[in-house]
Amino acid sequence: MASLKEEVLSRRTFAIISHPDAGKTTLTEKLLLFGGAIRDAGTVKGKKTGKYATSDWMDIEKQRGISVTSSVMQFEYDGYRVNILDTPGHQDFSEDTYRTLMAVDSAVMIVDAAKGIEAQTLKLFKVCRMRGIPIFTFINKLDRQAKQPLELLAELEEVLGIESYPMNWPIGMGKEFFGIYDRFNNRIEQFRTEKEEDRFLPLNDEGELAVDHEIKQSDLYNQTLEEIMLLEEAGNEFSEERIANGTLSPVFFGSALTNFGVQTFLETYLQFAPAPQPRMSDQGEIDPVSEQFSGFVFKIQANMNPAHRDRIAFFRICSGKFERGMSVTLTRTGKSSKVSQSTQFLADDRSTVNEAVSGDIIGLYDTGTYQIGDTLVGEKPLLQYEKLPQFTPELFMKVSAKNVMKQKSFHKGIEQLVQEGAIQLYKTLRTEEYILGAVGQLQFEVFEHRMKGEYNSEVMMQPIGSKIARWIENEEDVNENLSNSRSMLVKDRFDRLVFLFENEFALRWFQDKNEQIKLYSPME
C-alpha cells in the first residue's frame, strides 16, 4: 500500500492553455489516448465525422467546434496519476480559465507554429507568470508550412519574456517534415515510418546519426546539425531549478493531429513537471502531504448530466486524503456535512471516486451549498485558501422570459447558471429587472442556448452596451437619486450596490461630484 506521500508525489496536475484553434483539445485527446483513457480520439472539428472531442461535452461546443468550459480528465501513465484541465481558448471565457489556473501546479502552452504567439496566449501566460507556475511549451502543426523554429523561439522570448530550452528540434516542416532531433533523449524521431521499430534513430556522442540512413545526404539534416550547434553555443542552458520556478520553458515541437511528438512530450513532461505544491492560506502555507484534508472549489457546473439536472462543484484537493463518506466543514459557514457523492472525470463521463489525494481534482455533487472559492477542511482548525480572481463584467444585457408562464424555470436557470460564475446577475432597484453582465459576447450566446436547451426557457435579451461596473465601500452614503442613465444603480446577487457607468467620462464626472463615495472594482 503506497503511503500518502508517495501517492501525492505521483500526481501531475496541469492546465492546457492556448489561443483558439492552436490544437489544444486535439493534444488533450492524444494524451488521453496514450493514457488508455479513450480508444479513439475525435477531433474538435468532428461535425462531418460525427466524432467529437472527449473534452468538449456541451452541445454548443460540439456545434461550434470550440471549447467554452474547462473540463477535467484523469488518467494513469507510467506510474503517474495525471489530471488534465482543458481550458476554453476563447477570450470571452478567460474568467473560467483564470480560475482553473489557480487549481494547477503547471501549465502546457500550445503555440500554432504558423501563427506564433497570439493575444489570448499572452494574456493567459501572464497569469501563469504571476503565480510562478512552470510552463511547458508545445509548438504544434509542424506537418504544415510554418514560421522558422528560431523565429518562434525568438518570439517566445521577446513577446512572453521567458527564456526557452528546446528539448527537441524540427527537421524540416510541412511537406518536407522529416521528424524531430531529440536533444534530450539523444535520438532522431522520424515522422513517417512503415515499421514502428524504425521510428527512432540513435545519435552518437557528437550528436550525429549513429546509423546509416538516407537523411544523412539531405540538406535538411545538415541544416538541422548547424542549428543544433547554434543552440548549444548561443542558446540557454538546461536548468531543472529554473523550469520549476517558471523562468525557463522547455520547448517541444510536434503535430498533435498526426500524433507525432506527443508521447515524447508526455514522458519528458512527467519527468520534470512538479508534484502538488504547497498552497497559501490564512494559516500560512499548507503542505500537500500533511494529514489534514483540505482544498477549494474553483468551478461549478450545472447540468453536466441534463437528464439528472445535477450540479457539480470542481474541487482541488490541496492536502491530505479524501475518502467518500467523510465529514467536511465549509469554512465560509462553519457547517459540517458528510460527502457521500463524489466523482472523477473523463469530461462528462464520470465514475464514483472513493479515495483521492492532494493534487487530484474531484467533483462534489452540489445542491446549492457551494460557491466558487469555497474552502473545505476535514478536521479543524478551519483555514481559508486565497481568494480566486473575480472579473468585472464589461458587457451588459437586460434579460426576461419570453413566456410569462415559464417564470419558474426561467428563475431556476438564471440562478444556477449565475452560480457557475461565467455571467453575473444584477437587478434594477425599483423594478427588479434582471441585467446580466459578462466579460464577452459569446457568454450571452451560451447562456441563451443553455436556458433553452437545459431549462426549456426561451429568453429575450436586450443589449444595454458596455458599462464600467464599480462596487461601493460605503453604501450608507449612497442615495437612490444618484441613479440615472449615465450612472445606473443596481444590486448584484449578494444584494450589494453597484454603479454601472456609461463610460470613463461618466465615472470621472461622478467621482468629482461625489467625493464622499468610495468606489472599487473586485479585480483591483
Side-chain angles (χ1 to χ4, degrees), residues 14-28 30 43-45 65-67 86-94 97 101 106-130 133-181 183 191 220 223-224 226-228 230-231 234-236 243 246-258 260-262 264-265 269:
F14 68 93
I16 298 192
I17 60 172
S18 79
H19 198 80
D21 222 26
K24 176 167 52 65
T25 306
T26 309
L27 180 68
T28 307
K30 296 300 161 75
T43 67
V44 182
K45 299 268 187 292
I66 54 167
S67 300
D86 176 25
T87 63
H90 199 286
Q91 64 192 36
D92 287 6
F93 288 84
S94 38
T97 306
L101 289 172
S106 57
V108 172
M109 176 168 66
I110 304 180
V111 176
D112 184 322
K115 295 176 182 167
I117 306 295
E118 296 172 88
Q120 184 62 6
T121 319
L122 176 59
K123 230 175 177 179
L124 298 172
F125 171 83
K126 281 180 175 167
V127 181
C128 296
R129 278 305 293 271
M130 202 166 73
I133 299 177
I135 297 163
F136 295 74
T137 304
F138 187 85
I139 297 183
N140 194 21
K141 305 187 184 181
L142 260 293
D143 53 322
R144 303 181 191 177
Q145 254 345 91
K147 292 184 177 184
Q148 289 301 320
L150 284 169
E151 189 188 336
L152 286 163
L153 279 197
E155 207 176 303
L156 203 68
E157 304 210 351
E158 284 162 24
V159 177
L160 298 181
I162 188 172
E163 292 188 358
S164 60
Y165 181 88
M167 304 295 269
N168 56 35
W169 197 251
I171 305 170
M173 71 173 75
K175 290 193 175 107
E176 286 195 311
F177 184 46
F178 177 80
I180 47 177
Y181 182 107
R183 296 172 81 193
F191 180 45
L220 277 181
Q223 185 191 336
T224 302
E226 282 173 24
E227 287 172 347
I228 293 293
L230 182 67
L231 289 174
N236 298 309
I243 291 171
T247 56
L248 181 73
S249 179
V251 177
F252 301 82
F253 290 87
S255 160
L257 193 61
T258 60
F260 182 73
V262 177
T264 300
F265 158 73
Y269 164 81

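Bear in mind that the values here come from a model prediction, so they are computed numbers and not experimental data.
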| field | Residues L150, W169; criterion side chain to side chain contact (heavy atoms under 4.5 Å, CB included); working and verdict | value | CA-CA 10 Å; L150 284 169; W169 197 251; 3.8 Å; yes

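For the atom pair CG of L257 and NZ of K30, the computed distance is 5.5 Å after rounding to the nearest 0.5 Å. Atom CG in N236 sits 9.5 Å away from atom OG1 in T247 (nearest 0.5 Å). Rounding to the nearest 0.5 Å gives a distance of 8.5 Å between CD1 of I117 and NZ of K147. Note: M167 CE to F138 CZ = 13.5 Å, rounded to the nearest 0.5 Å. Between atom CZ of residue R183 and atom CG of residue L231 there is a gap of 5.0 Å, rounded to the nearest 0.5 Å. Atoms CD1 and OG1, on I180 and T224 in that order, are 11.5 Å from each other to the nearest 0.5 Å.
Closest non-hydrogen pair, K141 versus A113, comes out as O-CB, 4.3 Å. Of all the heavy atoms in D112 and A114, the pair that sits closest is OD1-N, 2.9 Å. The heavy-atom pair separating A15 from L101 by the smallest distance is CB-CD2, 3.8 Å. Here the closest non-hydrogen pair linking L153 and P166 is CD1-CG, 3.4 Å. Of all heavy-atom pairs spanning G116 and L152, the tightest one is CA-CD2, 3.8 Å. Residue L142 comes nearest to P170 through the heavy atom pair CD1-CB, 3.6 Å, listed as atom of the first residue, atom of the second, then distance.
Within a 6.0 Å radius of CD in E176, other residues, nucleotides and ligands contribute 12 heavy atoms or fewer.
Using cut-offs of 30° and 60° on the angle between ring planes, the pair F191 and F177 is tilted.
For Q148, the side-chain hydrogen bond (donor to acceptor under 3.5 Å, both in side chains) test picks out no residue, with sequence neighbours left out. Residues satisfying the side-chain contact (heavy atoms from CB on, under 4.5 Å) test with T137, not counting sequence neighbours, are M109, V111, I135, I139, L156, S249, V251. E151 is linked by a side-chain hydrogen bond (donor to acceptor under 3.5 Å, both in side chains) to nothing, counting only residues two or more places apart in sequence or in another chain.
Residues N140 and L27 fail the side-chain proximity criterion, which asks for heavy atoms closer than 4.5 Å. A 4.5 Å side-chain heavy-atom check between P250 and F136 finds at least one atom pair inside the cut-off. Side chains of V108 and Y269 form a contact here, defined as non-hydrogen atoms less than 4.5 Å apart.
Here the side chain of N168 pairs no donor or acceptor atom with the backbone of F252 at under 3.5 angstrom.
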